Amino acid sequence: MSRDHVPTLEEFVDGVDKRNPGQPEFIQAVKEVAASVLDYIKDHPKYHEHQILERMAEPDRVVSFRVCWQDDQGNVRVNRGYRVQNNNAIGPYKGGIRFHPSVNQGILKFLAFEQTFKNALTGLPMGGGKGGSNFNPKGKSDAEIMRFCQAFMTELYRHVGEDTDVPAGDIGVGGREIGYMFGQFKRITNRYVGVLTGKGMEYGGSPIRTEATGYGAVYFLQDMLKHVGKSPEGHVAIVSGSGNVAQHAVEKLLQLGAKPVTLSDSDGFIYDKNGIDEEKLAFVKELKNKRRGRIEEYARKFGAEFHGDAARPWRVPGTLAVPCATQNEITADDAKMMLDNGIIAVSEGANMPTELEAVHRFQQARILFAPGKAANAGGVGVSGLEMSQNSARITWKEDELQRLLRDIMQGIHDRCVKYGGETGGKDKYVDYVKGANVAGFVKVADAMIAQGVV
Ligand code: NDP
Ligand code: 2IT
């Protein structure tokens, strides 16, 4: 690729393609950002001179390691662990850890790349990273989870630290796993520091970190609707997933007067025409967080529909959608179905749940579409506040954190409008994808330029 002109999208993506064989999710994430920022770079040549986008799309480092542990039968098991440190221009690397059999280097590179922009959007000083393992937590005993987490941290500890890289949870990693990893870090290093976020309240956790991602995604939905003179009240909402993010998205939707009607897991989805209320949500929390059961049980208990074969809920009619399971769960065909059913707003609780072609359909239809790096940033936002509290060795009050989370989401919405709003448009249309990408890019890019060629 020639350095004397700003590359076209095709030229740029061609280079990314060649350098990252077998990593389609990473290429997809970089392509989406490049499509948004290359025009901006053309108008601001310093970013091209400093090769900023090229540097952002090459992780600072990728660490890969073997994780050996013993199952309850005494068998030796081997998994692969990773930490991808993408960019630390504006703060220590920060981002979750995912335990899922699908985890590979390309998926974690996509997540660490996205995280870099997301963390910049929060306004807090955090760089981007992500880690995980192809370990499958399903069906494992508590003791097996503990041994795996300890083995994972036995290598990870040398790459992380409260001022270096601060992991948290993601798919398959919640409070239980964070506790075991924190315990092992402390044992190995003999240091009690905020090396992980999402900790329990007894040992340095922050109020509302558990709720923050789902709440934040619905706050963002509320802000997008407000921008066009609407509110979530009375709307039917389609939600996917049934883990941490989905549960708290449903909770906030209910508080704002919407009617959530679906939830899913990797087996399929439930459709409750009467709506998922507080009592039914309490059942889901007990089912998923304590008994670690399957969502199908909801349908049996409450007489709702269950659709198996890993079906996703997008065919269900509704006007709001909050995808909260995993990447690429909304295809172009799903997007068409949702538009035909009258969808007006989509807020991504998950990371990159919408395929590129589906994003284009939503953009062409000019509906309200919030990309994950904006909409799900509330989780890492409160993680950043957990880091501040740990540094000061205090815990702030819940009210204060509720207010700060609301402010963070509002701030992200404002930044998206600034860079993605149409000047002179009649319908106040905001391209939230462009807005989030350019706003995140500018902050990290300016810090990189200030810090020289490193
Ligand atoms: P959980 O592990 O708590 O829940 C994940 C949910 O998604 C489960 O219902 C799970 O079903 C389902 N799921 C996961 N993978 C698949 C798959 N391949 N196919 C179908 N269903 C799947 O994770 P979280 O709620 O924390 O994370 C959900 C999404 O939100 C992820 O994209 C994550 O990256 C993103 N996110 C999370 C944040 C956080 O703070 N936790 C912050 C920002 C984004 P099953 O139980 O059957 O596997
Ligand atoms: O994708 C994400 O933003 C997360 N999984 C949360 C990261 C964090 O450090 O809190």
Side-chain angles (χ1 to χ4, degrees), residues 25 91-103 107-108 110-119 121-122 124 126-132 136-139 160 165-178 194-199 206 208-217 239-250 263-270 284-285 287-289 292-296 298 309-313 322-329 348-354 371-387:
E25 294 87 359
Y93 304 107
K94 177 89 195 86
I97 291 178
R98 178 177 291 192
F99 290 165
H100 193 272
S102 64
V103 162
I107 288 179
L108 294 179
F110 120 62
L111 289 162
F113 178 79
E114 289 280 295
Q115 198 81 44
T116 302
F117 294 81
K118 183 196 303 189
N119 293 4
L121 282 169
T122 64
L124 298 173
M126 301 180 286
K130 200 87 186 189
N136 185 0
K138 273 202 200 106
V160 297
D165 184 352
V166 183
D170 193 79
I171 292 176
V173 177
R176 174 180 62 164
E177 291 75 17
I178 294 291
V195 63
L196 292 157
T197 61
K199 299 184 292 297
S206 173
I208 75 154
R209 172 62 190 89
T210 310
E211 296 84 352
T213 310
Y215 279 16
V239 179
S240 66
S242 48
N244 170 275
V245 182
Q247 291 167 17
H248 296 101
V250 166
L263 282 169
S264 71
D265 63 19
S266 47
D267 293 344
F269 74 90
I270 60 103
V284 172
K285 287 185 180 176
L287 171 73
K288 285 289 169 182
N289 310 347
R292 298 179 194 275
R294 312 306 300 157
I295 199 66
E296 184 177 6
Y298 178 111
D309 293 328
R312 291 157 181 160
V322 193
C324 300
T326 192
Q327 63 274 359
N328 291 330
E329 50 168 330
E348 292 188 335
N351 285 305
M352 206 169 76
T354 314
K373 58 171 80 70
N376 71 38
V380 75
V382 175
S383 276
L385 302 176
E386 183 172 331
M387 289 167 70

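Here the structure is a predicted model, which means the values were calculated and not measured. Order of listing sets the numbers, starting from 1, for every ligand and every atom in it. Values below: every heavy atom of this structure, side chains too, minus hydrogens, waters and symmetry copies.
- Considering backbone and side-chain N/O atoms, Ala246 never comes within less than 3.5 Å of an N/O atom of ligand 1.
- The proximity of Ser240 to ligand 1, defined as any non-hydrogen pair under 4.0 Å, does not occur for either the backbone or the side chain.
- Counting heavy atoms under 4.0 Å from ligand 1, residue Cys324 touches it through the backbone alone.
- Looking at Lys138 next to ligand 1, an N or O pair under 3.5 Å apart turns up.
- Contacts of Thr213 with ligand 1, taken as heavy-atom pairs under 4.0 Å, involve the side chain alone.
- In this structure, atom 41 (N) of ligand 1 lies nearest to the protein heavy atom Asn244 OD1, 3.8 Å.
- Heavy atoms of Arg294 come nearer than 4.0 angstrom to ligand 1 in at least one pair.
- Looking at ligand 1, you'll find an N or O of Gly172 within less than 3.5 Å of one of its N or O atoms.
- Not close to ligand 1: Gly372, with no non-hydrogen atom less than 4.0 angstrom away.
- Less than 4.0 angstrom separates some heavy atom of Ser383 from each of these atoms of ligand 2: 8 (C), 9 (O), 10 (O).
- In terms of N/O distances under 3.5 Å, ligand 1 is approached by Asp170.
- The Lys118 neighbourhood of ligand 2 comprises atoms 1 (O), 2 (C), 3 (O), with distances under 4.0 Å to a heavy atom of that residue.
- For the pair Gly169 and ligand 2, a heavy-atom separation below 4.0 Å is found.
- For Arg98, the heavy-atom gap to ligand 1 drops under 4.0 angstrom.
- In this structure, atom 10 (C) of ligand 1 has no protein heavy-atom contact shorter than 4.0 Å.
- At least one N or O atom of Ser242 sits closer than 3.5 Å to an N or O atom of ligand 1.
- Considering backbone and side-chain atoms together, Asp265 places no N or O closer than 3.5 Å to any N or O of ligand 1.
- Ligand 1 is never approached by Ser102 to a heavy-atom distance shorter than 4.0 Å.
- The shortest separation from a heavy atom of Gln247 to ligand 1 is not under 4.0 Å, leaving the residue out of contact.
- Proximity of Gln327 to ligand 1, defined as any heavy-atom pair under 4.0 Å, is not found for any part of the residue.
- Heavy-atom separations between Lys130 and ligand 2 include at least one value shorter than 4.0 Å.
- Residue contacts with ligand 2, taken as heavy atom pairs separated by less than 4.0 Å, do not involve Leu111 at all.
- Heavy atoms of Arg209 approach ligand 1 to within less than 4.0 angstrom.
- At a 4.0 Å heavy-atom cut-off, ligand 1 touches His100 through the side chain alone.
- Using a 4.0 Å cutoff on heavy atoms, Arg209 counts as a contact of ligand 2.
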